[in-house]
Amino acid sequence: MLRRNIIELRNLTKSYNDTVVVDAINLLIRENEFITLLGPSGCGKTTTLRMIGGFEDPNDGDIFFEGTRINNVPPYKRNINTVFQKYALFTHMNVYENIAFGLRIKKVPNDEMKKRVQRMLKLVDLEGFEKRHVDSLSGGQQQRVAIARALVNEPKVLLLDEPLGALDLKLRKEMQIELMDMQKNVGITFIYVTHDQEEALTMSDTVVVMNNGVIQQVGSPVDIYNEPENRFVADFIGESNILEGIMHEDFLVSFSGRKFRCVDKGFSKDEPVDVVIRPEDIDVTSPEDADLQGVVSSVVFKGVHYEMLVESGDFEYMIQSTDMQPVGAGIGLKFGPEDIHVMKRGSDNEK
Amino acid sequence: MVGKIIKRTYMGLIFLFLYMPILVLIVFSFNESKSRGHWGGFTLKWYGELFRDPDITKALYYTFLVAFLSSLIATVIGTISAIGIHNMGLLGKKVILNVNYLPVLNPDIVTGVALMTLFISMNMRLGFTTMLISHVVFNIPYVILSVLPKLRQMNRHMAEAALDLGATPFYAMRKVIIPEIMPGVITGALMAFTLSVDDFVISFFNTGSGVTNLSIIIFSMARRGIKPSINALSTLMLITVVILLLIINKRSTKGDELIP
């Protein structure tokens, strides 16, 4: 499936008073894609979104929309709409007027406006709420009005700035599913900003991991989780054991004082690397059945599984397993070549 | 129990102390006898006399004309200023807000004399225009102080949301920002109106050519000897101001009470 690029960021840079917030990033965003900018607070994800929306001027670099440079196009002339953090609904208007706001500016005739607003209310499941005052709505309902208010303008791209941040966990999960459905139904590009890695992995076609204003990795949720490119991504996405190792040759890596077969290649001989093993990929066995032995130092019950810390040599492994071992037990740690993921060691990616 | 009685008595005494003069004034505005010392029966004739006195009706007209025009002008200027101040950087905002407080804290007599000096040095004849200008001047800070809290309460992305939906900056101001802060604007206007009706000192120094307001009339009547109609006029002014204050207080919602 070949999809056209709709937005391109080239060398985009933004700094405030000598602090670089977004540092020369390049990114292609395709039509109909659900793309998420993910990173800790202060990583530049929101600033990037605001530059695409036209609310911040880049210091350097360009933004292209369908091949046209839009750096100097004001927000009200961009075919892009935004769902703001905490919604920014117009509190002096009712639900209908909030949603109709953009249509009134475009001088859409009354009958058509009514139809389009009704269609939106149906989409966000708020039929019958037209006359309600926005202050009388719950957080989730306000959220939906904000989405309807943006989508009714039929933008080519919808920007969402941590739109679920103010909702409680259960509602957030429901809204995640609803947003994904909506995106499929209306068939437009969603650019979504969040610091919640689980949310990003659940919803996105593509995840862009950012840190310190720099893109760390772009890929599908599965790639990002299974093949993190560096220590930062591995650490930020999910739990992980990150060890220092040496890549001796293709498919052979050593760490924890032993050599292991792995599935990675393309490194130079004896290159120092970082090795990631996800906690759920380590099997607990009897000591004699495994390559590595260790002693359990703590056990925490997490519901679905137990989370154990196991000391082995000078490294403490985190293991998630349904097979509980008591503190002090000597156990074996077992993992296969496909469970080992080798990454280049970066100098600028310290946590 | 005893503590409660003492508390209540103490409070009663304080209020008596505060409101006794005003009560006496109101009671005597209904006094048949011209004498200030003794009660000669109930009457409304002093109120009737007020409206037959051409000087007083003229002062009443000027008082409300100046109050209306000055509060209107001050509200427009003050609202625009408040929006500007709200969008300033941290340091600039601090400086301007302190400068804005200065006229509020400045003794009226200083403001009055200063304005008079300015008008005279500019060769302006003291009269209606100078009184109006001086009222606008002392009203602006109050309008700013009542609009700013509304701006602060507003979601900071509100203007951006309007632009995002296709509104030009001017349209966003007209259809989103102004309506959102309207409660603060109206409170500011009422406040300015009240202060203008209320003012004596600044008006006294900055008027002339036969233009007077009610406060000045009362002052000059009092100098010629107290007539009971002064009591009646003062009572009417008091009632006007109290009503306006009640409206203002009812409008101020939690969190943005004014510091008058």
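We use all heavy atoms of the structure for the numbers below, so side chains are in, but hydrogens, waters and symmetry mates are not. Note on naming: letters A, B, ... go to the chains in the order of the sequence lines (proteins, then strands), and numbering restarts at 1 for each one.
- Between A:Lys122 and A:Glu127 there is no salt bridge, since none of the side-chain N atoms of the basic residue sits less than 4.0 Å from a carboxylate O of the acidic one.
- Using a 4.5 Å cut-off between heavy atoms, A:Ile80 touches chain B through its backbone atoms (N, CA, C, O) alone.
- Contacts of A:Phe90 with chain B are made by both backbone and side-chain atoms, with heavy-atom separations under 4.5 Å.
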Q.
Could you go through A:Glu162 and A:Lys45, starting from their C-alpha distance and side-chain angles, then the distance that decides it, and tell me whether this counts as salt bridge (charged side-chain N to carboxylate O under 4.0 Å, His left out)?
A. CA-CA 10 Å; A:Glu162 307 230 11; A:Lys45 56 193 191 299; 3.8 Å; yes
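- Counted by atom type alone, B:His157 and A:Gln85 present zero donor-acceptor pairs between their side chains at under 3.5 Å.
- For chain B, the nearby part of A:Leu89 is the backbone; its heavy atoms alone come within less than 4.5 Å.
- Using a 4.0 Å cut-off between charged nitrogen and carboxylate oxygen, A:Asp62 and A:Arg69 count as a salt-bridge pair.
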Q.
One pair to check against salt bridge (charged side-chain N to carboxylate O under 4.0 Å, His left out): A:Glu97 and A:Arg104. What are the steps and the verdict?
A. CA-CA 9 Å; A:Glu97 285 304 319; A:Arg104 285 205 192 280; 2.7 Å; yes
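- Neither the backbone nor the side chain of B:Ala172 comes within less than 4.5 Å of any heavy atom of chain A.
- The part of A:Asn153 that comes within reach of chain B is its side chain, from C-beta onward, which places non-hydrogen atoms under 4.5 angstrom from that chain.
- Contacts between A:Ala150 and chain B at a heavy-atom distance below 4.5 Å involve the backbone alone (N, CA, C, O).
- With a threshold of 4.5 angstrom between heavy atoms, A:Arg149 approaches chain B through its backbone and through its side chain.
- Between A:Glu130 and A:Arg132 there is no salt bridge, since no side-chain N of the basic residue sits under 4.0 Å from a carboxylate O of the acidic one.
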